[in-house]
Number of protein chains: 2
Amino acid sequence: MKLSVRGEYALRALLVLARDYQEDDSVVRIQEISRKQNIPKRFLEQILNDLKSARLVESKRGVAGGYRLRRAPQHITLAEIIRHVEGPLAPVSCVSEKFYEKCSCPDETRCPIRDVMKEVRDSIVAHMEHTSLADLAERARKLEHEPMSGADFVI
Amino acid sequence: MKLSVRGEYALRALLVLARDYQEDDSVVRIQEISRKQNIPKRFLEQILNDLKSARLVESKRGVAGGYRLRRAPQHITLAEIIRHVEGPLAPVSCVSEKFYEKCSCPDETRCPIRDVMKEVRDSIVAHMEHTSLADLAERARKLEHEPMSGADFVI
DNA sequence: TTCAATCTTTACTTTACGAGTCGAGATTGG
DNA sequence: CCAATCTCGACTCGTAAAGTAAAGATTGAA
């Protein structure tokens with residue numbers, strides 16, 4: 001049920017780009033993202049390249065090069081990002097919209113597990129599709145301005 | 001974000017036991033579960049053994065042997081099962097209640113991703129904890145009595 | 001024009017885990 | 001005693017995750 005490290009890194013890298021986003025074509029260097037988010041630089045290169053092929057980011061080469069979002073942060077949802085780097089959001093593929101696969105159970109149409117998993121998927125997707133990078137950036141701003149709020153939960 | 005095949009098999013095996021559950025100590029053979037659910041028998045052995053160590057099922061050996069639930073189906077939740085065979089329900093461990101692990105991000109208390117993921121986890125957990133094996137069995141019964149209902153969704 | 005900082009691309013490594021399979025042993029009812 | 005069952009540990013086999021590495025292509029600036 002977990003996101004891979006790669007997926008986490010992708011989200012964190014995009015968050016940096018979202019917070020830095022401007023209408024002009026200013027870019028952020030890999031190295032800076034890497035430093036800010038403790039992501040191995042070499043690994044991050046791969047991930048950003050992948051995000052580029054997904055048309056989520058674009059890059060500028062050369063000495064003043066770097067990456068930037070290809071669209072405004074409010075138009076990039078978590079669902080889109082995760083679907084690209086991780087695959088299905090659904091807990092089992094037989095309830096996935098975008099990555100459906102038949103499962104081995106005797107009768108899919110009468111499977112109560114599938115039934116429940118479909119509900120779970122729906123609530124995951126609802127969250128992920130309704131949250132954009134802009135929302136994340138906004139939250140980040142708030143969290144910074146309310147340092148150590150008592151609302152933080154304990155494990 | 002996906003359940004492993006092993007986890008799926010565990011759920012399906014337990015569903016069989018739940019539907020067959022009786023107060024007396026009647027058991028179901030591995031072979032029967034395997035056949036009903038298309039699960040490789042040898043692999044299923046492993047899984048049931050694991051569920052036994054989790055005290056979810058108990059077994060009887062010998063010629064009339066087999067498995068049965070150790071508790072009534074209404075007292076076994078999906079959350080409990082999945083947590084045992086799969087680990088955390090949370091999409092990232094830094095928001096997991098039962099399997100918390102620190103993540104590599106610069107400041108966990110101000111991470112907006114964590115913030116959102118915590119909400120996602122909460123809705124996953126809500127579903128999983130409120131659904132018992134008895135609920136599944138009940139749903140299965142209904143799905144059987146309404147064959148090919150038009151409500152089935154298309155991929 | 002040359003240099004150095006950046007991205008690009010491809011390939012490689014290493015480790016772990018998922019998904020089984022196998023074989024020999026221990027119980028038990030008939 | 002025997003045959004059907006569970007038990008337990010070891011083993012395989014493939015794939016994927018998480019990086020590392022190296023050489024090349026662009027670009028801005030000195």
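The chains referred to below are lettered A, B, ... by the order of the sequence lines, with proteins before strands, and numbering in each begins at 1.
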Rounded distance (Å) that lies between atom C1' of C:dG30 and atom NZ of B:K60:
13 Å
From the options D:dC6, D:dA23, C:dG29, select the nucleotide whose nearest atom is closest to the side chain of A:R42.
D:dA23
Tell me if a side-chain donor or acceptor on B:N38 pairs with a main-chain N or O of A:C105 at a distance below 3.5 Å.
no
A:R68 CZ to C:dT6 P, in whole Å, measures 18 Å
To the nearest angstrom, the OH-P distance between A:Y67 and D:dT27 comes to 14 Å
Would you indicate what A:R6 reaches in the nucleic acid, counting non-hydrogen atoms under 4.0 angstrom: base, sugar-phosphate, or nothing?
sugar-phosphate
CD1-CG distance between A:I33 and A:L48, expressed to the nearest 0.5 angstrom:
5.0 Å
Are more than 12 heavy atoms, taken from residues, nucleotides or ligands other than A:Q31, located less than 6.0 Å from that residue's CD atom?
no
Any base atoms under 4.0 Å from A:L48, or only sugar-phosphate, or nothing? Heavy atoms, all strands.
nothing
Between CZ of A:F43 and P of D:dA16 the distance, given in whole Å, is 15 Å
Between atom CG in B:L44 and atom P in C:dG20, what is the gap in whole Å?
11 Å
Check: D:dG28 base within 3.5 Å donor-acceptor of A:R61 side chain:
no
Report yes if a side-chain nitrogen or oxygen of A:Y9 is closer than 4.0 Å to either non-bridging phosphate oxygen (OP1 or OP2) of D:dG19; otherwise report no.
yes
Ignoring hydrogens and angles, state whether a donor on the side chain of A:S59 or A:R68 is under 3.5 Å from an acceptor on the partner side chain.
no
May I ask you to say what A:R29 touches in the nucleic acid, namely base, sugar-phosphate or nothing, with a heavy-atom cut-off under 4.0 Å?
sugar-phosphate
Any A:S4 side-chain N or O less than 4.0 Å from OP1/OP2 of D:dA16
no
In this structure, how many angstroms lie between the P atom of C:dT8 and the CD atom of A:E58, rounded?
11 Å
Pick the closest DNA chain D nucleotide for A:G7 and for B:V63 by heavy atoms, then say which residue is nearer the 5' end.
B:V63
Name the residue closer to the 5' end of DNA chain D, choosing between A:G62 and A:V5 according to the nucleotide with the nearest heavy atom.
A:V5
Remember a base hit wins even if backbone is also touched, and classify A:E45 as base, sugar-phosphate or nothing at under 4.0 Å, heavy atoms.
base
B:L89 vs B:K98 side-chain heavy atoms within contact, under 4.5 Å
no
For A:K41 and C:dT8, give me the distance from atom NZ to atom C1', rounded to whole Å.
12 Å
note: A:K2, atom NZ; C:dC17, atom P; distance rounded to Å ~ 11 Å
If you check the B:S59 side chain, which of D:dG19, D:dG28, D:dT7 turns out closest?
D:dT7
Any donor-acceptor pair under 3.5 Å joining the side chain of B:Q46 to the base of D:dT7?
no
Check the hydrophobic clustering (I, L, V, M, F, W, Y; side-chain heavy atoms under 4.5 Å; chains of links allowed) and say if B:V27 and B:V57 are grouped together.
no
Need one value for A:K52: base, sugar-phosphate or nothing, where a base atom within 4.0 Å counts as base even if backbone is also close, heavy atoms only.
sugar-phosphate
Given D:dC8, is OP1 or OP2 found less than 4.0 Å from the side-chain N or O atoms of B:N49?
yes
